[in-house]
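See below for the structure under consideration.
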Amino acid sequence: MNIRLPDGSTKELADGATARDLAGSISPRLAKDALAVEINGEAKDLSEPLHDNDSVAIITFDSRKGKALFWHSSSHIMAQAVQELFPAARVAIGPAIETGFYYDFDIENPFSPDDLQKIEKKCYEIIRNKYPIERISLSRDEAIAYYRQRNETYKIELINELEGRISVYRQDGWQDVCRGPHIPNTGCVKAIKLLSVAGAYWRGDEKNKMLQRIYGISFPKKSMLDEYLRLVEEAKKRDHRKLGKELDLFSFHTEGAGFPFWHPKGMMLYNTILDYCRAEHIAAGYEEIKTPILLDEELWRKSGHWDKYRDNMYFTEIDEVMHAVKPMNCPGGLLVYNSSAHSYREFPIKICEFGLVHRHEKAGVLHGLFRVRNFTQDDAHIFCLPEQIEEQIGEVISFIMKIYRVFGFDDYKIELSTRPEQYIGSIAMWDKAENALRSVLKQMDINYQLNPGDGAFYGPKIDFHIKDCLKRTWQCGTVQLDFSMPERFELEYTAADGSKQRPVMIHRALLGSMERFIGILLEHCAGSLPLWLSPVQTAVVPVSDRFAEYADSVYRKIQSAGIRVELDDRSEKVGYKIRSAEVRKIPFMVIVGEKEEQSGTVAVRIHGEGDTGSMPLDDFMKKIKTDEADKK
RNA sequence: GCCGGGAUGGCUCAGUGGUAGAGCAGCUGAUUCGUAAUCAGCAGGUCGGCGGUUCGAAUCCGCCUCUCGGCUCCA
């Protein structure tokens, strides 16, 4: 028979040959690396017999599919190990995830780190024995009987949702319900590491029982595990919480969980970003406002926030009237709009506010600057005519992309979120709004992912998600269309014919939360901020105390040029002071000694690069000012 | 909020029932040095908080706070 390969060639094989035979006939290497196959687009086991004219692709660990099935098989190995060591543990589900796998168990006592080690050891035993992994097809009754006998209630629940015959995969007498395919034997896994234990609700539902989840990772080569663990270490070094402490940018305190304290250097960074954003907004035709943090609860009832989000809001009483701490800026912005009469000639009205909002996040979800209880949004509200919607949204999308580029973020994804279950306004309004957003994205030729039901309660939205170094994505920019707030707050304008009409409102943020954005930025650049954002841009380092006077004059000149500079006049060796500036990730150092003093120059050292030679002080300052203006 | 780990000087961490430790940072002195750590000395902690067990608790137990990893949530 003839088999078609992905490169377009064909391979002749004897009748009855399996996918494994095909891999072997191509190369011994492939025979070794093959994990499964794709036959006519369908993933199958290597033992699958082939038929004449089949299109076949061998799946190895190198592909996404290969990794997924490899990790899924690894989760089976781990589950077997767990059940051998803890026979009372019942198995739930154990899928592959983006990197690695997990398996959920229902067990009386949660696993300890010691247990994890024991389980890992058992995994290696299973791996060493190279047990073949076989697919077995059972009738539903057989499958249910098997699991009933073992009291595996979660499996029975899963089987009850499946149709037709049930396939199970068996290794060394242990089996699990699974569609497959799986690796041919447990020996394909050469390295496995169990990473952590965590509680997880059955089927992800808070109302269900909490199970014990073990996360793990595995590879077909030991060296790949070492490399993975090295990367994890690298990522830990980039953790913005660690960097925030090391660079003395911000801190958190018991006295206010989730409320960041900004230190002088952090504030410098914060304000540099804020100043830049403010200038860009003004240049883009926005006007800035500031609205109060505490407002009458009545306002929040009117806006609909109280109904939906009161559990996440803070309240306080003022003169016997309940007030809420603002969780969003829009109601304040609406009051400003309504403080005067508007004409259609004014549109679009673009009002921005760097608004400090407070949200009561649940205790367990706080996470450095990524998830805090108070933060500043680079918020804005655009009031416009219905026919200006698409143009305005397009403008905002371009604005967001421009700003991200300046901060060095090229990796982000865009999502369109539509009407959620809890919503305000009419379905007709929602349809209109969703169509407007779709149309803009199409016009701008933007790839996006659709998130049905994920919109804000007052309107659909387009979100920008930035990817950080741990490959987590964080929602930053957002553009939300809103026909509801204008209705609720009875916004009006006078149309050309003198009639009163209702404007459309667009809510939008570019960076989203300043705090979260700074966290992402820190991880992105591993703490080595570009010159224009660095809290300290230059350190002046005299070679010894003998040059203290010259160093001081250099320091003063640089400082009066408006460059953020520090003088390290400690009686230490140059090497010590250089190291000290390097670990603080200061982008430029100027080293001054006898030569420099005599020639009025400075020796310039660049962070991470080293000595770059001497130049006149004026040239150095000019370079810094140019780089800063270029946002380098 | 739920499950599990953790909390010891400014930072990183050692210390399993018997008088609180190290390195770094800080301070003092010496050194005056050419591109990632000079030497010596000093000072600094109610061992997260409260309660309990014990002759005796950083250590064992309970509750609380914060924190870490997840789950759920994230307008």
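Labels below follow one simple rule: chain letters A, B, ... track the order of the sequence lines, proteins then strands, and each chain is numbered from 1.
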(message) Please report the distance separating the C1' of B:rC2 from the corresponding atom of B:rC73, rounded so that it comes out in whole Å.
(response) 12 Å
(request) Among the candidates B:rA75, B:rC33, B:rU72, find the nucleotide nearest to the side-chain atoms of A:Ala456. (result) B:rA75
(message) Using a 4.0 Å heavy-atom cut-off, does A:Gly610 contact any base of the nucleic acid, only the sugar-phosphate backbone, or nothing at all?
(response) nothing
(message) Taking B:rU67 as the reference, what is the distance to B:rG44 when you measure between their C1' atoms (whole Å, please)?
(response) 24 Å
(request) Determine the contact category for A:Tyr309: base if any of its heavy atoms lies under 4.0 Å from a base atom, sugar-phosphate if only primed atoms, P, OP1 or OP2 are that close, otherwise nothing. (result) base
(message) Expressed as a whole number of angstroms, how long is the span from A:Gln212:CD to B:rG69:P?
(response) 18 Å
(request) Both distances under 3.5 Å, Watson-Crick or G-U wobble: report the partner of B:rA14, or none. (result) none
(request) Could you tell me how the ring of A:Phe464 sits relative to the ring of A:Tyr412: parallel (under 30°), tilted (30 to 60°) or perpendicular (over 60°)? (result) tilted
(message) Let's see if you can work this out: which of B:rG70, B:rC33, B:rG69 has an atom nearest to the side-chain heavy atoms of A:Val543?
(response) B:rC33
(message) With rounding to the closest Å, how many angstrom separate the P atoms on B:rG45 and B:rG9?
(response) 11 Å
(message) Which residue is it: A:Arg213, A:Arg90, A:Arg203? I am looking for the one with a salt bridge (Lys or Arg N to Asp or Glu O under 4.0 Å) to A:Asp104.
(response) A:Arg213
(request) Test for a donor-acceptor pair under 3.5 Å between the base of B:rU35 and the side chain of A:Arg605, counting only N and O atoms. (result) yes
(request) Indicate yes or no: does A:Asp611 engage A:Arg605 in a salt bridge with an N to O separation below 4.0 Å. (result) no
(request) If B:rC71 has a Watson-Crick or G-U wobble mate with both distances under 3.5 Å, name it; if not, just say none. (result) B:rG1
(message) Could you tell me the Watson-Crick or G-U partner of B:rG26, where both distances fall under 3.5 Å? Say none if there is no partner.
(response) B:rC42
(message) If you assign each of A:Lys308 and A:Gly608 to its closest nucleotide in RNA chain B, which residue comes earlier from the 5' end?
(response) A:Gly608
(message) Taking the P atom in each of B:rC71 and B:rG17, what is the distance between them to the nearest angstrom?
(response) 37 Å
(request) Can you tell me the pairing partner of B:rA7 across any strand shown, Watson-Crick or G-U wobble, with both distances under 3.5 angstrom? (result) B:rU65
